[in-house]
S.K.: 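Please see the structure below; I have some questions.
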Amino acid sequence: MFTDEYFMKMALQEAEAAFEKDEVPVGCIIVSSNRVIARSHNLTETLNDVTAHAEMQAITSAANFLGGKYLQNCTIYITLEPCVMCAGALNWSQISKVVIGARDEQRGFINKNLTLHPKTEVVTGILANECSQIVLDFFRSKR
């Protein structure tokens, strides 16, 4: 029941919330022991803050929930591959697993040859079509 696809669908709901706020539709959730402990979406326009990416918001929320800065034994489900800034934050958080929906060939951390914490597992391509489609639809609507 609690599969990567199950949780990625929740992250997609967050991306849809971002879309409705005219934010780039990226959403994420953080899970610990099959329980969602944080959820967020991009808020860069709403907060007028270039660092208000979905991952940054969720990392802060999860750390507050757990009462500590490390997210060991946690998994983040993110609809779009994290950028360099977010990958750095994920590295410092020592999160155990990162599950990515769609790759971001231009701005994502993977093509920049960056790595996360040595113990962090990375999984890509979970609901990739759905995750990339919402971003494509958003930017198509801007043209």
Side-chain angles (χ1 to χ4, degrees), residues 3-33 35-143:
T3 63
D4 286 344
E5 290 80 8
Y6 173 83
F7 288 118
M8 188 61 76
K9 286 178 184 176
M10 289 183 175
L12 268 167
Q13 290 173 343
E14 288 295 319
E16 290 165 6
F19 194 113
E20 290 171 14
K21 292 179 181 176
D22 206 30
E23 296 275 1
V24 175
V26 177
C28 72
I29 63 166
I30 296 180
V31 174
S32 177
S33 300
R35 178 178 175 202
V36 177
I37 62 168
R39 60 179 65 237
S40 190
H41 51 269
N42 275 356
L43 293 169
T44 58
E45 300 299 325
T46 303
L47 299 177
N48 198 30
D49 179 355
V50 296
T51 68
H53 290 193
E55 303 95 320
M56 302 298 279
Q57 301 297 310
I59 290 167
T60 299
S61 181
N64 286 335
F65 178 86
L66 295 171
K69 61 186 176 182
Y70 297 117
L71 303 181
Q72 295 157 332
N73 303 313
C74 293
T75 300
I76 188 168
Y77 293 86
I78 179 74
T79 58
L80 187 66
E81 178 184 338
C83 70
V84 172
M85 172 185 70
C86 293
L90 289 166
N91 178 43
W92 286 110
S93 78
Q94 298 182 20
I95 197 157
S96 297
K97 185 176 177 182
V98 175
V99 180
I100 300 166
R103 291 283 313 277
D104 185 344
E105 302 293 333
Q106 294 178 338
R107 296 181 181 220
F109 78 97
I110 294 172
N111 281 357
K112 306 286 189 224
N113 293 322
L114 296 177
T115 57
L116 300 179
H117 190 271
K119 293 182 180 177
T120 300
E121 176 187 357
V122 177
V123 176
T124 61
I126 303 300
L127 300 181
N129 291 339
E130 295 91 328
C131 292
S132 63
Q133 192 60 53
I134 192 169
V135 175
L136 292 171
D137 291 347
F138 176 80
F139 285 110
R140 202 170 286 129
S141 75
K142 296 291 178 194
R143 292 186 191 124

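Note that the numbering runs from 1 along the sequence shown for the chain.
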S.K.: To the nearest 0.5 Å, what is the distance between CG (Leu43) and NE2 (His53)?
M.R.: 10.5 Å
S.K.: Once salt bridge (charged side-chain N to carboxylate O under 4.0 Å, His left out) is applied, do any residues pair with Arg35, and if so which ones, sequence neighbours excluded?
M.R.: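 Expected list: none.
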S.K.: If the condition is side-chain hydrogen bond (donor to acceptor under 3.5 Å, both in side chains), which residues does Glu105 pass it with, not counting sequence neighbours?
M.R.: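 Here the qualifying residues are Asn111.
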S.K.: Quick one: side-chain hydrogen bond (donor to acceptor under 3.5 Å, both in side chains) partners of Lys69, sequence neighbours excluded?
M.R.: none
S.K.: Under the side-chain hydrogen bond (donor to acceptor under 3.5 Å, both in side chains) test, which residues partner Thr51, sequence neighbours left out?
M.R.: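 Here the qualifying residues are Asp49.
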S.K.: Test of understanding: with side-chain contact (heavy atoms from CB on, under 4.5 Å), list the residues that count as partners of Thr3, not counting sequence neighbours.
M.R.: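 By the side-chain contact (heavy atoms from CB on, under 4.5 Å) rule, Thr3 matches Glu5, Tyr6.
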S.K.: Using 0.5 Å steps for rounding, measure from the CD atom of Gln57 to the CZ atom of Arg39.
M.R.: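 Gln57 atom CD to Arg39 atom CZ measures 14.5 Å (nearest 0.5 Å).
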S.K.: Among residues at least two apart in sequence or on other chains, which ones pass side-chain hydrogen bond (donor to acceptor under 3.5 Å, both in side chains) with Thr46?
M.R.: Glu23
S.K.: If I compare all heavy atoms of Thr79 with all of Val26, which pair ends up nearest, and what's the gap?
M.R.: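 So the two residues come closest at OG1-CA, 3.5 Å.
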S.K.: Kindly compute the distance separating CG (Leu66) from CG (Leu71), expressed to the nearest 0.5 Å.
M.R.: 6.5 Å
S.K.: Do Thr44 and Val24 touch side chain to side chain, with heavy atoms closer than 4.5 Å?
M.R.: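 Answer no - side chains too far apart.
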S.K.: Taking atom OG1 of Thr124 and atom CD1 of Ile78, what is their separation to the nearest 0.5 Å?
M.R.: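 CD1 of Ile78 is found 14.0 Å from OG1 of Thr124.
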S.K.: Using every non-hydrogen atom in the two residues, find where Pro25 and Ala18 come nearest and quote the distance to one decimal.
M.R.: CA-CB, 3.8 Å
S.K.: If the condition is salt bridge (charged side-chain N to carboxylate O under 4.0 Å, His left out), which residues does Glu55 pass it with, not counting sequence neighbours?
M.R.: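 With neighbours one apart ignored, the set is empty.
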S.K.: Search all heavy atoms of Ala11 against all heavy atoms of Cys28 and return the closest pair with its distance.
M.R.: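 Looking at all heavy atoms of both residues, the closest pair is CB-CA, 3.9 Å.
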S.K.: Counting only heavy atoms not in Lys97 (residues, nucleotides, ligands), do more than 12 fall under 6.0 Å from its NZ?
M.R.: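 Enclosed.
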S.K.: With sequence neighbours left out, write down each residue that passes salt bridge (charged side-chain N to carboxylate O under 4.0 Å, His left out) with Lys142, or none if nothing qualifies.
M.R.: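 Lys142 satisfies salt bridge (charged side-chain N to carboxylate O under 4.0 Å, His left out) with Asp22 once adjacent residues are dropped.
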S.K.: Does the side chain to side chain contact (heavy atoms under 4.5 Å, CB included) test come out yes or no for Ile29 and Gln13, once each step is laid out?
M.R.: CA-CA 10 Å; Ile29 63 166; Gln13 290 173 343; over 6 Å; no
S.K.: Which atom pairs, one a donor and one an acceptor, fall under 3.5 Å between side chains of residues 126-136 and the rest of the protein, sequence neighbours left out?
M.R.:
from, atom 1, to, atom 2, distance (Å)
Ser132, OG, Ala128, O, 3.1
Ser132, OG, Asn129, O, 3.2
Gln133, NE2, Asp137, OD1, 2.8

S.K.: Listed by chain and number, what are the ring-ring contact (aromatic ring centres under 6.0 Å, His included) partners of Phe65, not counting sequence neighbours?
M.R.: none
S.K.: For Ser40 versus Ala58, what's the shortest heavy-atom pair and its separation?
M.R.: CB-N, 3.9 Å
S.K.: By ring-ring contact (aromatic ring centres under 6.0 Å, His included), which residues pair with Phe19, not counting sequence neighbours?
M.R.: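 With neighbours one apart ignored, the set is Phe138.
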S.K.: Hey, can you pull the donor-acceptor pairs under 3.5 Å for the side chains in residues 81-95, sequence neighbours left out?
M.R.:
from, atom 1, to, atom 2, distance (Å)
Glu81, OE1, Arg103, NE, 2.6
Glu81, OE1, Asp104, N, 3.0
Glu81, OE2, Phe109, N, 3.0
Glu81, OE2, Ile110, N, 2.7
Asn91, OD1, His117, N, 2.9
Ser93, OG, Leu90, O, 2.8
Ser93, OG, Ile95, N, 3.3
Gln94, OE1, Gln72, NE2, 2.7

